[in-house]
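A short write-up of the structure that comes next.
Note that these values count all heavy atoms, side chains included, but never hydrogens, waters or copies made by symmetry. Here the structure is a predicted model, which means the values were calculated and not measured.
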Amino acid sequence: MFENEKLTTEQFVAEYKDEVAKLLKYLPWLESKQGKNVVSQYTPDSATEGTMRIPTYDGTLLAFVKVADKTKFINRNYDYMYRKHRMNNYQDELRMIARARIQDMDLLGAILSRYIIKGRTKGMVWKEGVEYGVFYALVSKMKELIEFWDVPYGEESAEE
């Protein structure tokens, strides 16, 4: 039984290690922006009182979203995981992230999916992901899980 569990863990690490590595370069930025606004409002010079303001997003946020959108974590069926784990708000998401194990990478992917996919039509969702620290918690938990079961990132080349 233990060999099967270890094999499963190794498979999880092999499947997700490279995907997590793509997101890791944004970890310091995500940490520094927790609780801060990463969206500003652009107002045209010829604006009147009724002119609609256009949100402008931090370039690093947009780059993070673009990279995250291309990972295998993105799952359009994320809502199933939300119902299964009874997640309704960011506090529930943060609680589930903190409790996640390596076998819960699909749950972490569902949380990331919700923010990335919903953000395509409602951009303030991306802002909330950074502001509430959900993106930071997700990426750091993914890193922690992979490093717990494998060699820490950056140390692979030192061994060879």
Side-chain angles (χ1 to χ4, degrees), residues 9 12-43 52-158:
T9 301
F12 273 104
V13 170
E15 184 174 350
Y16 293 110
K17 186 174 183 175
D18 292 337
E19 299 296 300
V20 173
K22 295 174 188 175
L23 302 174
L24 283 181
K25 72 178 187 177
Y26 299 99
L27 197 57
W29 182 85
L30 291 168
E31 182 178 25
S32 70
K33 294 299 180 181
Q34 287 184 93
K36 296 181 182 159
N37 190 0
V38 291
V39 178
S40 58
Q41 299 292 326
Y42 170 72
T43 307
M52 186 173 124
R53 308 298 183 249
I54 302 167
T56 55
Y57 300 92
D58 186 294
T60 308
L61 171 60
L62 293 176
F64 171 76
V65 167
K66 189 174 185 178
V67 168
D69 197 17
K70 289 187 167 102
T71 63
K72 64 174 60 174
F73 290 112
I74 301 303
N75 177 2
R76 292 187 301 169
N77 240 352
Y78 66 85
D79 198 40
Y80 168 75
M81 292 298 261
Y82 270 74
R83 282 182 278 145
K84 179 181 175 185
H85 294 284
R86 295 185 179 102
M87 291 186 290
N88 298 313
N89 54 39
Y90 78 93
Q91 289 101 339
D92 294 342
E93 294 164 349
L94 291 172
R95 189 181 75 252
M96 293 307 290
I97 292 167
R99 294 179 3 189
R101 301 169 309 161
I102 191 76
Q103 290 84 2
D104 298 322
M105 289 299 257
D106 57 340
L107 170 64
L108 299 178
I111 296 170
L112 182 64
S113 296
R114 177 191 171 271
Y115 281 90
I116 300 301
I117 293 170
K118 265 193 162 177
R120 292 177 193 158
T121 55
K122 186 179 178 192
M124 287 300 148
V125 175
W126 294 338
K127 172 188 177 248
E128 292 167 359
V130 175
E131 221 172 275
Y132 299 150
V134 176
F135 284 149
Y136 173 73
L138 273 171
V139 176
S140 61
K141 185 65 171 190
M142 290 172 178
K143 177 182 187 261
E144 173 191 324
L145 291 172
I146 296 293
E147 287 182 341
F148 181 81
W149 292 104
D150 197 49
V151 178
Y153 286 98
E155 293 184 16
E156 295 94 354
S157 58

Within 6.0 angstrom of K25 NZ, more than 12 heavy atoms from elsewhere: no

Salt bridge flag under 4.0 Å for residues E131 and K33: no

Proximity of F135 and Y26 rings by center, below 6.0 Å: no

Heavy-atom pair with the smallest gap, counting every atom of I111 and E93: CD1-O, 4.0 Å

R114 and its side-chain contact (heavy atoms from CB on, under 4.5 Å) partner, picked from D79, V125, V134: V125

Lys/Arg N to Asp/Glu carboxylate O, D92 vs R95, below 4.0 Å: yes

All pairs passing ring pair (Phe, Tyr, Trp, His ring centres under 6.0 Å) where residues 77-98 contributes a residue, at least two apart: Y90-Y132

Within 6.0 Å of CH2 in W149, more than 12 heavy atoms from elsewhere: no

Flag, side chain of K127 to backbone of G123, donor-acceptor distance under 3.5 Å: no

Atom pair CG/CD of L145 and Q103 - distance to nearest 0.5 Å: 9.0 Å

Within the 6.0 Å centroid threshold, strictly below: W126 and Y115: no

Residue pair F73, E19: steps toward the side-chain contact (heavy atoms from CB on, under 4.5 Å) verdict: CA-CA 8 Å; F73 290 112; E19 299 296 300; 3.7 Å; yes

N-O pairing of K22 and D18 below 4.0 Å: no

